[in-house]
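Single-structure report; data block below.
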Amino acid sequence: AASVRGFSSGPLVILPSPSVSRGRPIAAGMSFMELDTVLDGIANKGTLLDDHDLFQLKHAIWNVGYVPPSIQNRLFTVSQSIMNFKRNHGFNSDFYREYVALLGTMQARKFWGDMEVETIQAWLLEALQEAPGQSSSDMGTSKGSATGSRPSPKLQNQELGLQVGWLQAARLPRISCCTSYAVENLPMDSPMAQTMSELVRGSVVRHRRKLKSPDLCDPPCLEVVAVRSVVNPRLQVKYLAQLSDLDGKRKLYGCSGVPELEHLKVQPTPMDLDLNEHFLFHGAPSTTIEKICRAGFKPQRGGEVTGKLFGVGSYFAANSSKSDDYTEERANPLPRSSIRTLVVARVVLGEVHRTKQRMDRATRPPDGADESELDSVLALPTTQGGCVDHLEVVVYSEACALPVALVDYRHAHACPCAFCLRRPVGP
């Protein structure tokens, strides 16, 4: 099954969110010969091409294992012909949906080089800008809709744009001997920058006016000013090795899901084991951010500056506003309008230990009920009987987390949040 990624209800088109190739042989589901047969059929259709043909090709690509270079080249050529058909002959809404889903599926497969992926994503972005208008026949009553209408084409495009950004964020860069450490600014209108911005703005929650106070303030109002991608080959190699290790460790029984983090999940491909990879937030002062990007997260330093409620580990949050509280030194708070930075990390949780209690002395997750070794800790919030206001994730191995983006932001001038009430106004 494919997954959808969006930040409002009802994402329109199903796009696969790729995980990462773990360096192990992939057993073929559908053979490449079957894919070749589908390509034959499409090549013979000419101007009779329709949405069902695209659906068949999407299904074949998603389920195929090994694809030899000759079939890869043919697939790319046929895809170009489909794109040209769309440009020359127009399309209806059904064709458009299958076309976008096909491109989303194609760019997720691991057999493409970076140039092919960039081309496919360019086709996808072009498609997002030319969604067909909805006719009266498209406006039938849908389940759960009070008005019976579907989202406008503009809203659909926003949803699709976020899905493309999620796909781009979930695809780790190819690493070679020539790849070097880099932190680069992303265009703010790029899908990945928009996705990371929406992650930060859309995950804010209410916080206590003061520690242990029963009063909750309104959520922060955050303004994203820049998004930067982080590429660190050394850390990525370590992260991939950790995935490979967990893959072997959990291959027999798999990992239990984490429904609380489903909206942040990096979906595995059909060929990969689901190891519970998620995008999560980490807040730190600016002086620490570069150290994290260059050297990675250091669990052994957990608790040196702030508390260690769940032991000595690296702490992550599902809400940007929770991590926002850690973007400054406690003894030297920044003015309200200061630019702050959050790290967006890709974190693999494996098999999770859920806790409702403090674990101050922990240096690793506790063993499971069957005495099996667990991989991470999920601290449940008070709404689920836990001891923290908002969900926390803790990992105890530095290879379990990879910084992938930095989001620079500030609080709006009239931000009503609890943190702004406590911070100095500044100049």
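All heavy atoms count here, side chains included; hydrogens, waters and symmetry mates do not.
Counting only distance, with no hydrogens or angles, the side chain of Q121 and the backbone of E118 share no donor-acceptor pair below 3.5 Å. Judged purely by atom type and a 3.5 angstrom limit, S81 uses its side chain to pair as donor or acceptor with the backbone of V78. With hydrogens and angles ignored, the 3.5 Å screen pairs a side-chain donor or acceptor of T37 with a backbone N or O of M33. A donor-acceptor contact shorter than 3.5 Å is absent between the side chain of S376 and the backbone of V395. With hydrogens and angles disregarded, a donor-acceptor distance shorter than 3.5 Å links the side chain of S203 to the backbone of L199. Under the 3.5 Å distance criterion, the side-chain polar atoms of N319 are left unmatched by any main-chain donor or acceptor of V204. At least one donor-acceptor pair closer than 3.5 Å links the side chain of R208 to the backbone N or O of S213. Under the 3.5 Å distance criterion, the side-chain polar atoms of D272 are left unmatched by any main-chain donor or acceptor of P268. No side-chain donor-acceptor contact under 3.5 Å links D324 to the backbone of S320. With S244 contributing its side chain and L240 its backbone, the two residues share no donor-acceptor pair below 3.5 Å.
The side-chain heavy atoms of V348 and Y239, taken from C-beta on, include a pair separated by under 4.5 Å. The shortest side-chain heavy-atom distance between R336 and V425 falls under the 4.5 Å cut-off. When side chains are defined from C-beta on, P219 does not count as touching C417, because their heavy atoms never get closer than 4.5 Å. When side chains are defined from C-beta on, V388 counts as touching L309, because their heavy atoms get closer than 4.5 Å. Contact of the V312 side chain with the R301 side chain is not registered, since no non-hydrogen atoms from C-beta on lie closer than 4.5 Å. The closest side-chain heavy-atom distance from T341 to V407 is not below 4.5 Å. Residues V343 and L406 form a side-chain contact, since some pair of their non-hydrogen atoms from C-beta on lies under 4.5 Å apart. Between V377 and P366, the closest side-chain pair of non-hydrogen atoms falls below 4.5 Å.
Classification of R206 and D389 as a salt-bridged pair fails, no side-chain N sitting under 4.0 Å from a carboxylate O. Using a cut-off of 4.0 Å between Lys/Arg side-chain N and Asp/Glu carboxylate O, K265 and E260 are scored as not salt-bridged. The pair K58-E98 meets the salt-bridge criterion, since a charged nitrogen lies less than 4.0 angstrom from a carboxylate oxygen. R250 has no carboxylate O lying under 4.0 Å from a charged side-chain N of E351, or vice versa, which leaves the two without a salt bridge. Ion pairing between E126 and R87 holds under the 4.0 Å rule for side-chain N and carboxylate O. Between D367 and R364, at least one side-chain N (NZ, or NE/NH1/NH2) sits under 4.0 Å from a carboxylate O, which counts as a salt bridge. The pair D408-R340 does not count as a salt bridge, with every side-chain nitrogen at least 4.0 angstrom from each carboxylate oxygen.
Between atom CG of residue L246 and atom NZ of residue K251 there is a gap of 12.0 Å, rounded to the nearest 0.5 Å. Atoms CD1 and OG1, from I339 and T327 in turn, are 11.0 Å apart once rounded to the nearest 0.5 Å. Rounding to the nearest 0.5 Å gives a distance of 5.5 Å between CD1 of I82 and CG of L102. Distance CZ/R209 to SG/C217: 4.0 Å, rounded to 0.5 Å. For the atom pair M359 CE and H353 NE2, the distance stands at 5.0 Å (nearest 0.5 Å). Atom CG in L75 sits 11.0 Å away from atom OG in S70 (nearest 0.5 Å).
In summary, the side chains of H413 and S337 do not present any donor paired with an acceptor at a separation below 3.5 Å, with no hydrogens or angles considered. One side chain, H411 or R423, offers a donor N or O that lies under 3.5 Å from an acceptor on the other.
Using cut-offs of 30° and 60° on the angle between ring planes, the pair F419 and H207 is tilted. Between Y315 and F310, the ring planes are tilted. Angles from 30° to 60° get that label. A tilted orientation is assigned to the rings of F316 and H282, their planes being inclined by 30° to 60°.
Within a 6.0 Å radius of NZ in K298, more than 12 heavy atoms belonging to other residues, nucleotides or ligands are found. F85 CZ: more than 12 foreign heavy atoms inside a 6.0 Å radius. Other residues, nucleotides and ligands place more than 12 heavy atoms under 6.0 Å from the CD atom of Q300.
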### Task
Apply the test salt bridge (charged side-chain N to carboxylate O under 4.0 Å, His left out) to residues D375 and K249: give CA-CA distance (whole Å), side-chain angles for both, the deciding distance (0.1 Å), then the verdict.
CA-CA 10 Å; D375 307 305; K249 179 179 175 182; 2.6 Å; yes
### Task
Could you go through the side chain to side chain contact (heavy atoms under 4.5 Å, CB included) check for F76 and T119 one step at a time?
CA-CA 10 Å; F76 194 80; T119 300; 3.8 Å; yes
### Task
List the steps and the verdict of side chain to side chain contact (heavy atoms under 4.5 Å, CB included) for Y409 and V225.
CA-CA 5 Å; Y409 67 98; V225 297; 5.6 Å; no
### Query
Passes side chain to side chain contact (heavy atoms under 4.5 Å, CB included), L275 versus L243? Steps please.
CA-CA 8 Å; L275 297 175; L243 291 183; 4.1 Å; yes
### Query
Please walk me through it: do S197 and V227 pass side chain to side chain contact (heavy atoms under 4.5 Å, CB included)?
CA-CA 7 Å; S197 297; V227 178; 3.6 Å; yes
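Contact between P233 and Y181 at its shortest, heavy atoms only, is CD-N, 3.8 Å. The two residues P187 and A193 make their nearest non-hydrogen contact at O-CB, 3.2 Å. Looking at every heavy atom in both residues, L402 comes nearest to Q236 through CD1-N, 3.7 Å. The two residues M192 and V404 come nearest to each other via the heavy atoms CE-O, 4.2 Å. When all heavy atoms are compared, the tightest approach of R294 to N232 is O-ND2, 3.0 Å. Residue A284 comes nearest to I292 through the heavy atom pair CB-CD1, 4.2 Å, listed as atom of the first residue, atom of the second, then distance.
Residue pairs meeting the salt bridge (charged side-chain N to carboxylate O under 4.0 Å, His left out) criterion with at least one member in residues 231-244, sequence neighbours excluded: K238-E398.
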